[in-house]
Amino acid sequence: MVISRKIQVRLNVLLATIAIALIVVFSMYELGYLDELFSILAKDHYIFYWMLLVGVFAEIVAGSMGMGYGVICTTTLMFLNIPPHIVSASIHSAESFTTAAGSISHIRLRNVSKSLVKKLAVPAVIGAVIGAVSLTYLGEYYAKITKTIIAFYTLYLGFQILSNAFKEKQSKALKRKTNLTRLGVIGGFIDSFAGGGWGPLVTGTLIKNAFTPRFAVGSSTVAKFILTITAAITFFFTLGIQHWNIILGLLIGGIITAPFSAMLTAKLPVKKMFVFIGILVIVMSSITIYKSVFS
């Protein structure tokens, strides 16, 4: 019942998106602009279509593991030599829509603790603004160093994801006190600066410290939506709109897949997914580090 309601919400978002897309395509066809649209989408070595696939794959990962969208997108874009500030700006612009759909689902399913959202979101917004402004400056003037730092961070996340496959469930009796303000600030900064990491750090910490899983995931998702919007707006004012074909590809790929992610949670072997994604992130991050240091 819970899963079907979650799927219904996301299906509504998908159907609305398809309807808008069809109207736009039909209008462009009638006006004779369709060929021009396809030529625009073919720019930058067809990167729009590659980002479409990345968006689909990243959403499948997020649907089965409850985290990893930002990590997969960041690792892939860095691997493709996209500048770090463009990477994070593109991901947060696309995630503004996908996290909105996820937040609506969790709110309707009553998986959200308002007090937990407030304690996470307010410091996360502060961290996100600091992270976005810092990355805009460092990514533009010290791109090589910044890229290497972020690649080391995604390498670390890869090992963290891989280790999750072999962790035993923690007893609720071991619940620890969590500094939510510090967690929110650090999570917001890292997610904004590195293009991802909120899920593994914040959601992972909440669950590890024995918060009720449904409230940990739901509240963390809503807080993530708020920080994502903040980061996207900050990047808009500092960078403007760049590489819209990357944003559009990630966005459409994520929206197409999002309605089915709830079903994937039950269908896919999560432990094997942790192993596969962990190894993939480690390998791609290692190659990026090698190219950054020796190129």
Side-chain angles (χ1 to χ4, degrees), residues 38-62 68-96 98 131-161 189-198 200 228 231-232 234-236 238-254 276-295:
F38 285 121
S39 65
I40 291 173
L41 294 179
K43 282 185 175 181
D44 300 323
H45 305 289
Y46 298 94
I47 196 168
F48 165 78
Y49 298 103
W50 287 110
M51 291 304 102
L52 192 66
L53 292 175
V54 172
V56 169
F57 179 61
E59 186 59 37
I60 289 174
V61 172
Y69 184 91
V71 177
I72 290 295
C73 292
T74 300
T75 306
T76 305
L77 291 174
M78 295 279 285
F79 183 77
L80 295 174
N81 291 320
I82 306 296
H85 53 298
I86 302 300
V87 170
S88 188
S90 300
I91 291 171
H92 284 92
S93 297
E95 275 193 312
S96 297
T98 56
V133 173
S134 301
L135 182 63
T136 299
Y137 175 78
L138 294 174
E140 186 173 355
Y141 297 101
Y142 302 100
K144 187 173 182 179
I145 297 173
T146 307
K147 183 177 179 181
T148 306
I149 292 171
I150 295 175
F152 270 110
Y153 175 65
T154 57
L155 179 67
Y156 162 75
L157 289 180
F159 281 109
Q160 285 289 98
I161 292 171
F189 175 83
I190 288 177
D191 193 88
S192 183
F193 188 86
W198 175 269
T228 298
T234 305
F235 281 123
F236 174 77
T238 55
L239 294 173
I241 297 178
Q242 300 184 36
H243 291 270
W244 63 267
N245 45 1
I246 295 176
I247 298 171
L248 192 61
L250 293 175
L251 173 60
I252 294 176
F276 174 73
I277 300 304
I279 293 174
L280 181 64
V281 170
I282 290 169
V283 170
M284 293 179 70
S285 298
S286 299
I287 294 173
T288 300
I289 292 169
Y290 177 83
K291 287 161 64 177
S292 298
V293 174
F294 297 103
S295 62

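One is the number of the first residue; the rest follow in order along the sequence. Just so it is clear, the structure is predicted and the values come from calculations on it, not from any experiment.
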Task: Atom pair CE/CD1 of Met284 and Ile72 - distance to nearest 0.5 Å - done: 7.5 Å
Open item on the list: With a 3.5 Å distance limit and no angle check, can you tell me whether Ser96 reaches the backbone of His92 through a side-chain donor-acceptor pair?
Closed with: yes
TODO: Say whether, by atom type as modelled, one donor and one acceptor occur between the side chain of Thr74 and the main chain of Gly195 under 3.5 angstrom.
DONE: yes
Task: Over all atoms of both residues, closest heavy-atom pair of Ile91 and Cys73 - done: CD1-CB, 3.6 Å
Open item on the list: Please determine whether side chain to side chain contact (heavy atoms under 4.5 Å, CB included) holds for the pair Thr238 and Tyr137, giving the CA-CA distance in whole Å, both sets of side-chain angles, and the decisive distance to 0.1 Å.
Closed with: CA-CA 9 Å; Thr238 55; Tyr137 175 78; over 6 Å; no
- [ ] Quick one: pull up CD1 in Ile252 and CD1 in Ile247 and give me the separation to the nearest 0.5 Å.
- [x] 12.0 Å
Task: Check against side chain to side chain contact (heavy atoms under 4.5 Å, CB included), Ser93 and Trp244 - done: CA-CA 9 Å; Ser93 297; Trp244 63 267; over 6 Å; no
TODO: Look up atom CD1 in Ile246 and atom CG in Leu77, then write down how far apart they are to the nearest 0.5 Å.
DONE: 5.5 Å
TODO: Taking all heavy atoms of Leu155 and all of Ser286, pick out the closest pair and write down the distance.
DONE: CD1-OG, 3.6 Å
TODO: Would you give the length of the straight line joining atom OG of Ser90 to atom CZ of Phe235, rounded to the nearest 0.5 angstrom?
DONE: 9.5 Å
Task: Expected output: side-chain Ser88 to main-chain Ser192 donor-acceptor under 3.5 Å - done: yes
- [ ] Give, for atom OH of Tyr290 and atom OG1 of Thr148, the distance between the pair rounded to the nearest 0.5 Å.
- [x] 13.5 Å
- [ ] Please confirm whether the backbone N or O of Ser285 pairs with a side-chain atom of Thr154, one donor and one acceptor, at under 3.5 Å?
- [x] no
- [ ] To the nearest 0.5 angstrom, please state how far the OH atom of Tyr69 sits from the CG atom of Leu250.
- [x] 4.5 Å
